[in-house]
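Because the structure is predicted, anything quoted here is derived from the model rather than measured. Just so it is clear: chains get the letters A, B, ... in the order the sequence lines come, proteins before strands, and each one is counted from 1.
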Protein chains: 2
Amino acid sequence: MVTIKDVAKKAGVSISTASYALNNSGPVSAETKERVIKAAEELKYRPNGNARDLKSSKTNTIGLIVSDLAGPFFSELIRGVQEATLASGYDLMALSAIGGFDSTAAKFLKEKRTDAMIIFAHNLDDNLIKSAARQDMPIALLDRRLSSKYIINIEVDNFNGAYKAVEYLISLGYKRIAYISGSDDSYDNIKRFEGYKAALEAYGIGYAPKLCYKGNFIEAGGYQAAKLMLLQNDLPQGIFAANDEMAIGAMEAFDEAGLKVGKDIAIIGFDDIRLAQYVDPPLTTIKQPVYEMGCLAVRLLMQALQGDFPNEEEIILPAELIIRKSCGES
Amino acid sequence: MVTIKDVAKKAGVSISTASYALNNSGPVSAETKERVIKAAEELKYRPNGNARDLKSSKTNTIGLIVSDLAGPFFSELIRGVQEATLASGYDLMALSAIGGFDSTAAKFLKEKRTDAMIIFAHNLDDNLIKSAARQDMPIALLDRRLSSKYIINIEVDNFNGAYKAVEYLISLGYKRIAYISGSDDSYDNIKRFEGYKAALEAYGIGYAPKLCYKGNFIEAGGYQAAKLMLLQNDLPQGIFAANDEMAIGAMEAFDEAGLKVGKDIAIIGFDDIRLAQYVDPPLTTIKQPVYEMGCLAVRLLMQALQGDFPNEEEIILPAELIIRKSCGES
DNA sequence: CTGTTAGCGCTTTCAG
DNA sequence: CTGAAAGCGCTAACAG
């Protein structure tokens, strides 16, 4: 590995002069500078970013942690974060939380390797996050709530989103409305479930535990849940799935059973992933403003880095009903 | 920032002892160790990863650079890379090449911050990549070819994939076959275009420049191309789009024009992105083994890190024809 | 304008 | 079993 020392020696100058020349950071004569640069090129010198960061105790990068880099849902979020980060002149590194406590994400969280973090993952321990957050490492926590001076909570209005979804189903005349749930312990699943129950209640429809199915937020889970309904021979009129993936899984199952979604049974999802508009019939769903969330997170983090944290305990973004065809025409 | 020094002081031991205790890396009495760990906890000590990496001149992470983190196409690739990296005990950091020369990716490439890199991006300069590749920073380059001792080229068989696509269209009886191209300068577009021409030739069908449209690898590009065909009032019988995004864009345009894809016009794509099976009609396409590519890249890189580079100039993975409905029943 | 030098936080010989 | 000290590659006072 060729270091700045080698460059300096080759150029016949001192290390500091070499550094100045290479970074335009100090007074160097044009001639010397050129000599240094030439030496660096000939030696194929590459600065060592780690050393620089160590010295300046600043990385100029913000990290984005998602539960699974490969998930389709994160595309929009990443887009938002990416644009905002780029605009602020920071670098972005995306990390996966797969593996939980042993994941790369956990490691980078513990060892300060970024100036700030955005976390959109549920498989990361509360304590881990809490203890990682500090003055010089603010964290924007999406769709999850944790109280700490250095954590900025940003969430979408899961409760009202779910409420709207169920209300819409009810407005269409459906009364027996099932719920396909996400991971039990996840914050958003809990909120969505509450919204589901509240809407039912508000319209004088009792909540029935047997209409609740487990789907774990994945397509296969939704498929299984629908299969179960089919098996029980006691189909609900409408289904509210806690995310689009599960809704799509359920649609497949009904499709296989020869049922017409939108006619024989109504399904509404949550998230509005890209696929939602392409499935047949197009999926009615609740749109999360993920892109905006990403941008907002970056902006708030930038401010936090200046020592300026928001006052609110959490920031809640509205969710919007997107009507397509899977619940029938309205 | 609390350092290991603070911990050592608080525990009443020397720095090295503290380090040993914290990392289980040296002989420390159980009692001392406990004292150190307790002190670290109380102080909320977080090791500084940069310092560690600097000292050990090893980062234990591999980087994955894609042209756009938010693109749908990369999901599968990321999945493959993610799993393989995890399995080898390395960490993974995903970087975007948006911004080209000024991107985070470029920066991380120049400043050695990872032990190895996987690059799947076309907007990164050849020289940049070439000069970043070195013994202690091997690079796996996907779908692109660059000759260097430290670069491992892995590509999918673009030529034969395209050939198969066009051959399939011909076997269905179509003769006027259009091409919607990706970015002109991209390696895979060139190869696919060659495959397209070769198949036409092989079956005695002349290649007509006017049947070639620009689509730039994006959905809107495919849409535009189809609009153009429509406008010219001289529709081809079949279309080979250089990727699925463009094929889907074209489908939209035809849909709007009241044409039935699969009946009035045949379309075949390339990539087999997730959406392909959900559009209406489901898109016939050429599947790239991206997942496998990801896994392979990691494995080869691990070997390279041991000094063991593959002999072949490049590794070519086969592409597979996936027949669905967009070209009609076969 | 240029060189000397003191660290950034950490690991790891090498002595005790 | 524990401590002193060197040094990873780089930046930035400070002194010349």
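- Here dG9(C) presents its C1' atom at 16 Å from CZ of R46(B), a figure rounded to the nearest Å.
- Residue-level contact check: N23(B) touches the backbone only, with heavy atoms under 4.0 Å from sugar-phosphate atoms and none from bases.
- Within the 4.0 angstrom heavy-atom criterion, no nucleotide atom of any strand lies near S57(B).
- Considering every non-hydrogen atom in both K112(A) and N48(B), the closest pair reads O-OD1, 4.4 Å.
- Taking atom CZ on R52(A) and atom C1' on dG9(C), their separation rounds to 18 Å, with Å as the unit.
- What you find for S19(A) and S25(A) is that their closest heavy atoms are O-OG, 4.1 Å.
- The interatomic distance linking L54(A) (CG) with dA6(C) (C1') rounds to 14 Å, in whole Å.
- Scanning DNA chain D 5' to 3' for nucleotides with an atom closer than 4.0 angstrom to a non-hydrogen atom of chain B gives a first and last hit of dC1(D) to dG9(D).
- Considering I118(A), L142(A), L141(A) as possible partners of I154(A), the one that fulfils the side-chain contact (heavy atoms from CB on, under 4.5 Å) test is L142(A).
- In this structure, E42(A) pairs ionically with K10(A), as a charged nitrogen and a carboxylate oxygen lie closer than 4.0 Å.
- Within the 4.5 Å cutoff, no side-chain heavy atoms of S96(A) are placed close to those of V66(A).
- Computed from coordinates, the I4(A) CD1 to dC8(C) P distance equals 19 Å when rounded to whole Å.
- Under the 4.5 Å side-chain criterion, counting only non-hydrogen atoms from C-beta, R144(A) is not in contact with E155(A).
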Distances under 3.5 Å only, N/O to N/O: pair up the protein atoms with those of nucleotides 12-16 of chain C.
residue, atom, partner, partner atom, Å
dT13(C), O4, Y20(B), OH, 3.4

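- Protein atom NZ of K112(A) is 11 Å distant from nucleotide atom P of dG9(C), rounded to whole Å.
- Annotation: of the two residues near DNA chain D, A51(B) and E31(B), the 5′-most nearest-nucleotide partner is E31(B).
- Atoms CZ (R113(A)) and C1' (dC8(C)) sit 15 Å apart, rounded to a whole Å.
- Using a 4.5 Å heavy-atom cutoff, the side chains of L95(B) and M93(A) are in contact.
- Counting to the nearest Å, the P atom of dC8(C) and the CG atom of N50(A) are 17 Å from each other.
- If you run side-chain contact (heavy atoms from CB on, under 4.5 Å) between I139(A) and each of I152(A), I119(A), L146(A), N153(A), only I119(A) comes through.
- Taking the charged nitrogens against the carboxylate oxygens, D53(A) and R113(B) do have a contact shorter than 4.0 Å, which makes a salt bridge.
- Per the geometry, NZ belonging to K58(A) stands 19 Å off P belonging to dC8(C), to the nearest Å.
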